[in-house]
Structure formats: structure tokens, C-alpha cells
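Fair warning: this is a prediction, and the values are worked out from it, not measured in the lab. In listed order, ligands and their atoms are each counted from 1.
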Amino acid sequence: MKGKFIVVEGLDGAGKTTSSYAIAAALRQNGVDKIIHTHEPGGTPLAEKLRQLIKKDKHQKEHIRSHTELLMLYAARIQLVENIIKPALAHGTWVIGDRHELSSQAYQGGGHGIRHDFIRRLKKEVMGNFVPDLILYLDVTPAISVHRIKKRGTPDRMETQSLHFFTRVRDYYLTMLKSNNRIKKIDATQSQEKMNADLKDIITKWFQAQKLESTKISLK
Ligand code: Z5A
């Protein structure tokens with residue numbers, strides 16, 4: 001089977017980073033041994049510099065406009081997709097992404113109010129039809145998300161948004177869930193152990209379906 005791109009999405013503190021490792025473990029149990037992890041924004045030298053600019057400058061006087069933020073996120077994403085993700089997939093390596101395109105739709109579109117058709121056109125222009133094979137959306141309430149962010153320490157520029165902002169972001173994720181069958185929802189308010197069990201179950205069923213599909217294609 002070819003390399004696949006699996007993305008983990010959700011609000012801050014939903015458990016994406018922790019879950020990425022549970023997903024990798026489930027894949028290994030199914031015989032996948034070449035796996036890399038990516039995160040967005042970031043993942044190449046230039047994309048990491050952009051990440052610092054996007055996230056860390058909360059003391060800077062200049063207000064970062066929403067469209068500027070969106071374009072910086074896309075600049076970082078193009079570097080990551082073209083220089084890391086696509087070459088890995090071409091070599092049969094599986095990629096587990098901590099956030100991808102849906103984050104821009106949810107945060108910059110749902111949260112900041114940038115028009116979704118503009119984001120979709122931008123995406124199409126710079127990345128064509130490239131989409132993840134599977135998106136695992138970890139669902140937490142905005143209140144839990146904000147609680148987990150605060151517990152971790154001083155929030156960065158992006159994490160200082162209001163509860164209303166995170167509510168709009170979550171609403172957008174939930175709307176997308178209804179119209180995109182590549183997105184699977186996981187209840188991220190339950191314990192990490194239960195989440196890991198759900199993730200393992202989803203990954204195993206999905207993997208078997210993919211295997212069946214690729215066998216059918218090779219028999220044609
Ligand atoms: N952003 C954007 O606006 N547009 C975009 O297109 C992209 C990103 C790509 C990235 O920040 C920021 O960029 C993000 C969205 C925006 N910020 N905002 N606002 P990041 O990369 O630094 O962080 P993040 O992606 O938001 O993830 P995170 O905050 O690091 O959280 P996480 O990876 O989902 O969770 P975690 O690190 O695995 O766990 C967080 C804590 O919760 C930790 O202490 C865990 O022990 C705890 N946890 C996790 N799961 C559980 C459960 N089930 N129960 C109890 N406690 C738990």
C-alpha cells in the first residue's frame with residue numbers, strides 16, 4: 001500500500017500531540033513501519049521561522065492582520081507539503097500530521113471570519129487537489145480547551161483568544177464533520193486511555209478498508 005497522510009485536528013489542548021503517538025502505535029500494529037510526524041505551522045527551517053512569527057510575538061506592537069496570519073500559515077504549509085510530506089508519501093512513508101488545512105478553515109475562517117470561499121480558492125491555487133486521506137477530529141468543548149491551555153502556563157499570542165472565538169472554531173469543525181466523510185470524530189473529553197482505544201479501533205477498521213481497496217485496484 002502507498003504512503004497515506006493522516007491528520008489530527010481539534011482545539012488547542014484536545015490531545016492531538018499525545019494522540020499522534022497512539023495513532024502511530026496502531027499503524028505499527030497493522031504492519032506500517034515507515035511513519036513520520038509533522039506539525040503545523042512548522043516542520044521545515046523556514047516554516048519553523050514563520051511559526052515563531054505567527055505564535056510568539058504577543059508583545060510586539062504591530063497587530064497581525066487576519067489575512068496576514070492566513071498567508072503566513074499557507075506559506076509555511078506549502079514548504080511543509082512540497083518539501084517534506086509529498087516526498088515522504090512518494091517513498092511509501094506514512095505521515096501523521098498534527099494539524100493541516102482544516103485548521104485554517106476553522107481558525108481563520110470560523111474563528112476570525114475570513115470568507116471560506118477565499119480560503120478554499122487560496123488552497124486550490126497553491127496546493128491543488130492535495131488532501132489528507134483521513135482526518136481525526138478530537139472534539140473538546142472550548143471551556144476544556146481553555147482550561148488545558150491555562151494549566152500549561154502562559155498562553156501564546158494565538159492562545160489568548162476568547163471563549164467565543166474557540167466556540168466559533170469548534171462550530172466550524174462540527175459543520176465540516178457533517179459534509180466531509182474523510183473526517184472522523186473522537187470524543188476528547190474522555191480519558192486519554194479511552195481515546196487511545198477509540199483511535200486504535202478507528203485506525204484498524206480504516207486500515208483494513210484501505211487494504212481491501214488497494215487489493216481491488218491491483219487486481220484490475
Ligand atoms: N493554527 C491556526 O490558527 N491555523 C492553522 O492553519 C494552523 C494552526 C495550522 C498551533 O499551536 C496554533 O496555531 C493553534 C492553532 C493555530 N493555536 N491556537 N489558538 P500549537 O502547535 O502550539 O498547539 P496546538 O496545535 O493548538 O496543540 P496543543 O495546544 O499543543 O494541544 P494538543 O496537541 O491538542 O494537546 P496535547 O499537547 O496532546 O495535550 C495538551 C494537554 O492536555 C496536556 O497537558 C495533556 O496531558 C492534556 N490532555 C490531553 N488529552 C487529555 C485527556 N483526554 N484528558 C485530560 N488531559 C488531557
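- Of the heavy atoms in Glu193, none comes closer than 4.0 Å to ligand 1.
- Under the 4.0 angstrom criterion, atom 15 (C) of ligand 1 counts as having a protein heavy-atom contact.
- Nearest protein heavy-atom contact of atom 53 (N) of ligand 1 is Gln190 O, 2.9 Å.
- The shortest N or O to N or O distance between Gly15 and ligand 1 is below 3.5 Å.
- Contact annotation: Gly10 has no heavy atom less than 4.0 Å from any atom of ligand 1.
- Remark: the Gln105 side chain and the Lys123 side chain contain no N/O donor-acceptor pair separated by less than 3.5 Å.
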request  = Kindly indicate, with the supporting measurements, whether the criterion side-chain contact (heavy atoms from CB on, under 4.5 Å) is fulfilled by Asp33 and Arg28.
outcome  = CA-CA 6 Å; Asp33 54 358; Arg28 283 196 194 92; 5.8 Å; no

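- Looking only at protein heavy atoms, the nearest one to atom 11 (O) of ligand 1 is Lys55 NZ, 2.9 Å.
- If you check the side chains of Ser103 and Glu9, you find a donor sitting under 3.5 Å from an acceptor.
- Every atom of ligand 1 is numbered from 1 in the order shown, and the set under 4.0 Å from a heavy atom of Ala14 is 34 (O).
- Between the side chains of Glu48 and His39, at least one donor N or O sits under 3.5 Å from an acceptor N or O.
- When heavy-atom distances to ligand 1 are checked against a 4.0 Å cut-off, His39 has no atom that comes that close, whether in backbone or side chain.
- Tyr74 and Glu101 are linked by a side-chain donor-acceptor pair at a separation below 3.5 angstrom, with hydrogens and angles left out of the test.
- Distances below 4.0 Å separate heavy atoms of Ser104 from the following atoms of ligand 1: 5 (C), 6 (O).
- In summary, Asp198 and Lys194 do not engage in a salt bridge, as defined by a charged side-chain N under 4.0 Å from a carboxylate O.
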request  = Determine, step by step, whether His100 and Val81 satisfy the side-chain contact (heavy atoms from CB on, under 4.5 Å) criterion, reporting the C-alpha distance in whole Å, the side-chain angles of both residues, the deciding distance to 0.1 Å, and the verdict.
outcome  = CA-CA 10 Å; His100 186 59; Val81 168; 3.7 Å; yes

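- On a distance-only criterion, Pro41 and ligand 1 share no N/O pair closer than 3.5 Å.
- At a heavy-atom cutoff of 4.0 Å, ligand 1 is contacted by the side chain of Arg99 but not by its backbone.
- Protein heavy atom in closest approach to atom 40 (C) of ligand 1: Gly13 CA, 3.9 Å.
- Of the protein's non-hydrogen atoms, Gln192 OE1, 3.5 Å is the one closest to atom 49 (C) of ligand 1.
- In this structure, atom 46 (O) of ligand 1 is not in close contact with the protein, since no protein heavy atom lies within 4.0 Å of it.
- For Tyr172 and Tyr107, the gap between ring centers reaches or exceeds 6.0 Å.
- Under the 30°/60° scheme for interplanar angles, the aromatic rings of Trp206 and Trp94 are found to stand perpendicular.
- Looking at Asn30 and Lys211, their side chains never bring a donor and an acceptor atom within 3.5 Å of each other.
- For atom 9 (C) of ligand 1, the nearest protein heavy atom is under 4.0 Å away.
- For Glu101, the closest heavy-atom approach to ligand 1 does not fall below 4.0 Å.
- Asp12 OD2, 2.8 Å is the protein heavy atom nearest to atom 17 (N) of ligand 1.
- Relative to the ring axis of Tyr173, Arg170 does not place its NZ or CZ within 45° and under 6.0 Å from the centre.
- Close approach to Thr18 involves these atoms of ligand 1, each under 4.0 Å from a residue heavy atom: 36 (P), 38 (O), 39 (O).
- Below 4.0 Å from some heavy atom of Glu40 lie the following atoms of ligand 1, by number and element: 9 (C).
- Taking every non-hydrogen atom of Met195 and a distance limit under 4.0 Å, the qualifying atoms of ligand 1 come out as 53 (N).
- Of the protein's heavy atoms, Arg152 NH1, 3.1 Å lies nearest to atom 30 (O) of ligand 1.
- Residue His100 has no nitrogen or oxygen atom sitting less than 3.5 Å from a nitrogen or oxygen atom of ligand 1, judged on distance alone.
- Taking atom 1 (N) of ligand 1 as the reference point, the nearest protein heavy-atom neighbour is Met158 CE, 4.1 Å.
- Of the protein's non-hydrogen atoms, the one nearest atom 42 (O) of ligand 1 is Arg148 CD, 3.4 Å.
- Of all the heavy atoms of Glu69, none lies under 4.0 Å from any atom of ligand 1, so neither backbone nor side chain is involved.
- Within the 4.5 Å cutoff, no side-chain heavy atoms of Thr93 are placed close to those of Ile35.
- The closest side-chain donor-acceptor pair between Thr17 and Asp98 falls under 3.5 angstrom.
- Looking at Lys151 against ligand 1, nothing comes within 4.0 Å, counting heavy atoms.
- Not a single donor-acceptor pair under 3.5 Å links the side chain of Lys4 to the backbone N or O of Ile96.
- Between the Ser19 side chain and the Ala22 main chain, no donor and acceptor come within less than 3.5 Å of each other.
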